[in-house]
Enquirer: 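Could you have a look at this structure, given as structure tokens, before my questions?
Every chain is numbered from 1 and lettered A, B, ... according to where its sequence line falls, protein lines coming before strand lines. Just so it is clear, the model here is predicted, and its values are computed rather than measured.
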Amino acid sequence: MTGFLLPLLPLLPWAVAAWLFGVGLYAIVTSRHYVHLIGCLSVVQASTYVLLLAAGYRHGAPAPIFYSRPPTLAVDPVLQALVLTDIVIGATVTALLLALVLQLHKRRGTIDPERVRPMRR
Amino acid sequence: MSPRLRRAVFLLACVCLLPAFAHVASTMPAFGAHPLPYGDLINAVGVRERHVTNMVSAINFDYRGFDTLGEEFMMLCAVTGTTILLRGTRGETQDRPQRVPGREIRPRADATVLICRLLAGFTVLFGLYVLLHAMTTPGGGFQGGVIIASGLLLAFLGEGYRGWRHVAHSELFDAAEGGGAALYALCGFASMLMGLPFLQNMLPLGKSGDLFSGGLMLVENAGVGLAVAGGFGILLLEFLEETREPEPVQEDE
């Protein structure tokens, strides 16, 4: 019954990445709460992890760690290193954005993107 | 732009981009069968050239060590920005943090205190273990530093704000964050002083599979570990300062 879906299976990682990006962006566009918005930004960012790891994947290949076996064909360590730095930067940038939200709340008394108007001098 | 219009524009953009996505996804190399020339090259020569068995660390600290330096400073900037934003208004309008009226502050449950006290030490130990095994097995400064910072958070949950601040001094975290990033940069300058390219590995590489193999990578890894643990420590401290319990006597920092 599911046989006809099998050719679509290789598209799954790209579809997952695009879906995460899309739903995250949709939620950012319609968000009514800045903390929620930052959570959605993390979802968008998760799509880049999926994309990078999927691009570096190789069927049946082990991790690029050659501690207990000789170097052979393995999945791509370059993309794994990129994802690693991506995650750490994502966490610190999230903290920076949350600090901005705290400031906004203190100064304007609201954290609803709809109710924040551009600053006037 | 009204919310409804914005949503319509977003959906329109999605519909327009869908054929492009379908085209790209269908013409990509098949999943799991990509040509990975760069990664394959590193997998093939990494152990022989750099005497480490964790290729991800070899890339982070050696082959693409310069990227990691940039990333280190990005983290430094983000942490500095957070600190400035949070410290900017603290105590400006009033000396004491406000408390939400009508919300009682409940004492922590004994079980929380017990579990957090037990786990905090083990978590920090595990973080050190992960940090030290950067060159051999999956591990490294980034992961280890974050785990150590989680241990700090557990210590806060177990001890409460006041007890936590007795041991967690901001100077310590500041020094770890700045010192770690500086250590990484100094590794690069040390290579230059010896007449080699920036961040060129010039220390003895050691034996592959050994905990202390990899030469200069070990120092860089320690720098990254310090910077990440310190940076996340600063973030925890700054956010906790924002939510601290009101105290009868203002603690001096």
Enquirer: Count the heavy atoms of every other residue, nucleotide or ligand shown that sit under 6.0 Å from OH of B:Tyr63, and state whether that count exceeds 12.
Expert: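 Yes - once you tally the heavy atoms of other residues, nucleotides and ligands closer than 6.0 Å, there are more than 12.
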
Enquirer: Using a 4.5 angstrom heavy-atom cutoff, name the option from B:Val228, B:Asn54, B:Val45 with the most pairs to chain A.
Expert: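 With the most close heavy-atom pairs to chain A, the winner is B:Asn54.
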
Enquirer: Quick one: OG1 on B:Thr136 to CD1 on A:Ile65, what's the gap to the nearest 0.5 Å?
Expert: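 Here the rounded value is 8.5 Å.
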
Enquirer: So, do B:Leu85 and A:Leu96 sit near enough that their side-chain heavy atoms are less than 4.5 Å apart?
Expert: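 Yes. Closest side-chain heavy atoms under 4.5 Å.
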
Enquirer: Enter the distance from A:Arg69:CZ to B:Thr53:OG1 here, rounded to the nearest 0.5 Å.
Expert: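 So the gap between those two atoms works out to 10.0 Å.
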
Enquirer: Among A:Leu100, A:Leu12, A:Val93, A:Leu97, who wins on heavy-atom pairs under 4.5 Å with chain B?
Expert: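 If we count pairs closer than 4.5 Å to chain B, A:Leu100 comes out on top.
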
Enquirer: Among B:Arg48, B:Arg64, B:Met75, who wins on heavy-atom pairs under 4.5 Å with chain A?
Expert: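 When all of B:Arg48, B:Arg64, B:Met75 are compared, B:Met75 has the most.
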
Enquirer: Give, as side chain, backbone, both or neither, the part of B:Ala25 having an atom under 4.5 angstrom from any heavy atom of chain A.
Expert: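 Both the backbone and the side chain of B:Ala25 come within 4.5 Å of chain A.
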
Enquirer: Over all heavy atoms of both residues, which pair between A:Gly22 and B:Phe10 is shortest? Give the atoms and the distance, please.
Expert: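 Taking A:Gly22 first and B:Phe10 second, the nearest heavy atoms are O-CZ, 3.6 Å.
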
Enquirer: Determine which residues belonging to residues 28-49 of chain A lie within contact range of chain B, meaning some heavy atom pair is under 4.5 Å apart, and list them by number or answer 'none'.
Expert: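 Residues in range: A:Val29, A:Thr30.
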
Enquirer: Can you tell which of B:Arg6, B:Met135, B:Gln143 has the highest number of heavy-atom pairs within less than 4.5 Å of chain A?
Expert: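 Of the candidates given, the most pairs with chain A belong to B:Arg6.
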
Enquirer: Can you say whether A:Leu9 sits under 4.5 Å from chain B via the side chain, the backbone, both, or neither, judging by heavy atoms?
Expert: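 When you check distances to chain B, no heavy atom of A:Leu9 falls under 4.5 Å.
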
Enquirer: For A:Ala74 and B:Asp40, which heavy atoms make the closest approach, and how far apart are they?
Expert: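 Shortest heavy-atom separation between A:Ala74 and B:Asp40 comes out as O-OD1, 4.1 Å.
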
Enquirer: Give me the atom names and distance for the closest heavy-atom approach of A:Tyr67 to B:Gly209.
Expert: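 Smallest heavy-atom distance, with atoms named: CE1-O, 3.3 Å.
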
Enquirer: If you count heavy-atom pairs under 4.5 Å with chain B, which of A:Leu79, A:Leu82, A:Thr85 comes out on top?
Expert: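 Top count of heavy-atom pairs under 4.5 Å with chain B: A:Thr85.
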
Enquirer: Give, as side chain, backbone, both or neither, the part of A:Leu25 having an atom under 4.5 angstrom from any heavy atom of chain B.
Expert: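 For A:Leu25, backbone and side chain are both near chain B.
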
Enquirer: Who wins among A:Ser68, A:Pro71, A:Ala54 for the most heavy-atom pairs under 4.5 Å with chain B?
Expert: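 Sorted descending by pairs with chain B, the first entry is A:Ala54.
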
Enquirer: Taking everything shown except B:Phe66 itself, do over 12 heavy atoms lie less than 6.0 Å from its CZ?
Expert: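 No, CZ of B:Phe66 has 12 or fewer neighbouring heavy atoms, counting only those of other groups under 6.0 Å.
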
Enquirer: How would you list all residue pairs meeting ring-ring contact (aromatic ring centres under 6.0 Å, His included) that involve residues 22-47 of chain B, not counting sequence neighbours?
Expert: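 Every ring-ring contact (aromatic ring centres under 6.0 Å, His included) pair that includes a residue of residues 22-47 of chain B, provided the two are not neighbours, is A:Trp14-B:His34, A:Tyr57-B:Phe31, A:His59-B:Phe31.
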
Enquirer: What part of B:Phe232 lies closer than 4.5 angstrom to a heavy atom of chain A: side chain, backbone, both or neither?
Expert: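 Answer is side chain: those atoms of B:Phe232 sit under 4.5 Å from chain A.
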
Enquirer: So, taking the atom named OG1 in A:Thr92 and the one named CD in B:Glu71, what distance separates them when rounded to the nearest 0.5 Å?
Expert: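 It comes to 8.0 Å.
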
Enquirer: What's the separation between atom CD in A:Gln80 and atom OG in B:Ser57, rounded to the nearest 0.5 Å?
Expert: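 Those atoms lie 11.0 Å apart.
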
Enquirer: For A:Ile87, is it the side chain, the backbone, both, or neither that has a heavy atom closer than 4.5 Å to a heavy atom of chain B?
Expert: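 A:Ile87 has no heavy atom closer than 4.5 Å to chain B.
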
Enquirer: Drop me the distance from B:Met28's CE to A:Leu11's CG, to the nearest 0.5 angstrom.
Expert: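 So the CE of B:Met28 and the CG of A:Leu11 are separated by 10.0 Å.
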
Enquirer: For the interface with chain B, which of A:Gly56, A:Ala81, A:Ala95, A:Pro77 has the highest count of heavy-atom pairs at distances below 4.5 Å?
Expert: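 The residue among A:Gly56, A:Ala81, A:Ala95, A:Pro77 with the greatest pair count is A:Pro77.
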
Enquirer: Please identify, among B:Gly145, B:Gly39, B:Gly81, B:Ala33, the residue contributing the most non-hydrogen atom pairs under 4.5 Å to chain A.
Expert: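 Result: the option with the highest number of such pairs is B:Gly39.
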
Enquirer: Counting heavy-atom pairs closer than 4.5 Å to chain A, which one of B:Val56, B:Val47, B:Asn60, B:Leu36 comes out on top?
Expert: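 Among the listed options, the one with the most contacts to chain A is B:Leu36.
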
Enquirer: Yes or no on side-chain contact (heavy atoms from CB on, under 4.5 Å) for B:Val52 and A:Phe66, after CA distance, side-chain angles and deciding distance?
Expert: CA-CA 8 Å; B:Val52 297; A:Phe66 305 118; over 6 Å; no

Enquirer: Rounded to the nearest 0.5 Å, what separation is found between the CD1 atom of B:Ile59 and the CG atom of A:Asp76?
Expert: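 The CG atom of A:Asp76 is 7.0 Å from CD1 of B:Ile59, to the nearest 0.5 Å.
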
